[in-house]
Visitor: 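Sharing a structure below in C-alpha cells format, with a few things to ask.
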Amino acid sequence: MDAAAQDLAHGMREALAIWAALLAAVVITFAILSLLSKRQDAAPGPSWWARLRKAVRDPEAVRERQLAIEQREAELRELQRYSDELAVAASRTSVVAARRREEWEAAQRTREAAWRAYEEAEQAVRRLELANAFPLTEDDPATRRQHLVRMVNAAHQQGEISAAHLADALMHRNGWDPAEHPFAQQLRLRRIVRDRLFRAYQQASTLEREAAAAADLAASSKRSLDDEAFSASLQATQQVRAAPRLQSLTPSSVRF
C-alpha cells in the first residue's frame with residue numbers, strides 16, 4: 001500500500017511539473033508576442049491579434065486574398081507580354097530607321113551629284129556666251145544641217161537630251177534652225193542640257209527633302225518606342241521584384 005501511494009504521489013508530481021512547464025511556455029510565448037505587437041504599434045495596419053482573429057473568423061478572406069494574388073499575377077504576365085511586344089516593335093523600328101537614314105544619305109549624294117552636273121553645264125554655256133562672236137566658216141546649209149544632226153544624235157546617245165529634244169532638233173521645231181551657225185547650234189544645245197540638268201537637280205532636291213522627313217519620322221518613332229519599351233520593362237521589373245510580397249497576404253505566412 002505504501003509503495004503504491006508513493007508511486008501515485010510521484011506520478012502526480014511529474015504531471016504537475018509537465019503542466020507547469022507547458023503553462024510557462026504559453027505565458028512566455030504570449031509575452032513575446034505582446035512585446036512584438038507593441039513594437040509594431042507605430043507601423044500602419046492591424047495588429048497580429050486582429051489578423052489572427054480575422055483569419056479564424058472569416059474563412060472567405062482566404063479565398064479573397066488568393067483571388068487578389070491570382071489577379072495580380074495575371075496583370076504581371078500581361079505587363080511582361082506588353083513589354084516584350086514593345087521590345088520587338090522597337091527592334092523593328094530601329095531597322096526601319098537605319099534604312100531610312102541610308103536612303104536619305106543616298107538621296108543627298110544624288111542631289112549633290114546633280115548639282116555638280118548642273119554647274120558644269122552652266123560653265124559650258126557661259127564659255128560659249130563669253131565668246132561673243134562666232135568665227136567665220138566656209139560651209140553651206142547642207143554642212144550645217146549635217147553638223148546639227150551629228151551633234152544632237154551624239155548628245156542623245158550620251159543621255160544629255162531626251163528623245164523629245166532630239167525630235168525637236170531633227171524636225172527643226174522649238175527654235176532649232178539647221179541653217180544656224182554651228183556655234184549657235186552648240187550654244188542652244190548646251191542651254192537645253194543645262195536646263196534639263198537643273199530640273200533633275202530640283203527633282204533630286206525634292207526627293208532628298210522627302211527622304212529627310214521620312215528619316216526624321218522613323219528616328220522619332222524609334223525614340224518613342226525605345227522610351228515606351230524601357231518604361232514598360234522597368235515597370236515589369238519592379239512588379240516582379242514586388243511579386244514575392246504578395247505571398248505575405250496568405251494566412252500561412254502571416255506573422256503573429
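Because only heavy atoms are used, hydrogens play no part in the values below, and waters and symmetry mates are left out as well, while side chains stay in.
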Visitor: Provide the closest heavy-atom pair for Ser162 versus Arg196 in the form atom of the first, atom of the second, distance.
Guide: N-NE, 3.9 Å
Visitor: Rounded to the nearest 0.5 Å, what separates atom NE2 in His181 from atom NE2 in His147?
Guide: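 If we round to the nearest 0.5 Å, His181:NE2 and His147:NE2 are 9.5 Å apart.
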Visitor: Specify the closest pair of heavy atoms between Arg145 and His172, including all atoms of both residues, with the distance to one decimal.
Guide: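 It is NE-CE1, 4.5 Å.
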Visitor: Check whether Ser94 reaches the backbone of Ala90 with its side chain - one donor and one acceptor, N or O, closer than 3.5 Å.
Guide: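 Between the backbone of Ala90 and the side chain of Ser94 there is a qualifying donor-acceptor contact (under 3.5 Å).
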Visitor: Using the rule that Ile, Leu, Val, Met, Phe, Trp and Tyr join whenever any side-chain heavy atoms are under 4.5 Å apart, tell me whether Met151 and Val193 fall into a single cluster.
Guide: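 Both belong to a single hydrophobic cluster.
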Visitor: For residues Ile161 and Val152, report the shortest heavy-atom separation together with the two atoms involved.
Guide: CD1-O, 3.5 Å
Visitor: Is Glu160 salt-bridged to Arg190, cutoff N-O under 4.0 Å?
Guide: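 Looking at Glu160 and Arg190, the cut-off is met.
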Visitor: Please test Arg199 against Gln202 for side chain to side chain contact (heavy atoms under 4.5 Å, CB included), starting from the C-alpha separation and ending with a verdict.
Guide: CA-CA 5 Å; Arg199 287 192 296 270; Gln202 290 178 318; 4.2 Å; yes
Visitor: Grab the two heavy atoms, one from Tyr118 and one from Leu197, that are nearest each other, plus how far apart they are.
Guide: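 Scanning both residues, the minimum pair turns out to be CA-CB, 4.0 Å.
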Visitor: As an exercise, state the distance from CG of Leu148 to CG of Asn153, rounded to the nearest 0.5 Å.
Guide: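 Answer rounded to 0.5 Å: 9.0 Å.
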Visitor: Quick check for you: to the nearest 0.5 Å, what is the distance between Phe198 atom CZ and Glu119 atom CD?
Guide: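 Answer rounded to 0.5 Å: 11.5 Å.
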Visitor: Are Val149 and Leu187 joined in one hydrophobic group, where the rule is that I, L, V, M, F, W and Y side chains link up if heavy atoms are under 4.5 Å apart?
Guide: no
Visitor: Is there a chain of hydrophobic side chains (I, L, V, M, F, W, Y, each step under 4.5 Å between heavy atoms) that links Leu225 to Val96?
Guide: no
Visitor: Can a donor-acceptor pair be found between the side chains of Asp84 and Gln80 at a distance below 3.5 Å?
Guide: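 Gln80 and Asp84 do have a side-chain donor-acceptor pair below 3.5 Å.
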Visitor: Quick check: does any side chain N or O of Glu122 sit under 3.5 Å from a backbone N or O of Arg194, one acting as donor and the other as acceptor?
Guide: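 Pair absent, no side-chain N/O of Glu122 close to backbone of Arg194.
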Visitor: Can Arg116 and Glu120 be counted as an ion pair, charged N to O under 4.0 angstrom?
Guide: no
Visitor: With a 3.5 Å distance limit and no angle check, can you tell me whether Ser205 reaches the backbone of Tyr201 through a side-chain donor-acceptor pair?
Guide: yes
Visitor: When hydrophobic residues are tied together by side-chain contacts of less than 4.5 Å, even through go-betweens, does Trp176 share a cluster with Leu166?
Guide: yes
Visitor: Quick check: closest heavy atoms across Ala179 and Arg144, and the distance to 0.1 Å?
Guide: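 Reported closest heavy-atom pair: O-NH1, 2.8 Å.
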Visitor: What's the verdict on salt bridge (Lys or Arg N to Asp or Glu O under 4.0 Å) for Asp226 and Lys222, showing C-alpha distance, side-chain angles and the deciding distance?
Guide: CA-CA 6 Å; Asp226 285 343; Lys222 177 184 178 298; 2.9 Å; yes
Visitor: Do the side chain of Ser224 and the main chain of Ser220 share a donor and acceptor less than 3.5 angstrom apart?
Guide: no
Visitor: Charged N to carboxylate O below 4.0 Å: is that the case for Glu102 and Arg99?
Guide: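 No.
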Visitor: Do the non-hydrogen side-chain atoms of Glu228 and Tyr82 ever get within less than 4.5 Å of each other?
Guide: yes
Visitor: Is Trp115 close to Arg111 at the side-chain level, that is, under 4.5 Å between some pair of heavy atoms?
Guide: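 A side-chain contact under 4.5 Å is absent here.
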Visitor: To the nearest 0.5 Å, tell me how far Asp216 CG sits from Arg101 CZ.
Guide: 8.5 Å
Visitor: So, for Glu208 and Trp104, which heavy atoms are closest and what is the spacing to 0.1 Å?
Guide: OE2-NE1, 2.8 Å
Visitor: Is Arg191 paired with Glu129 through a side-chain N to carboxylate O contact shorter than 4.0 Å?
Guide: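 Yes, charged N to carboxylate O under 4.0 Å.
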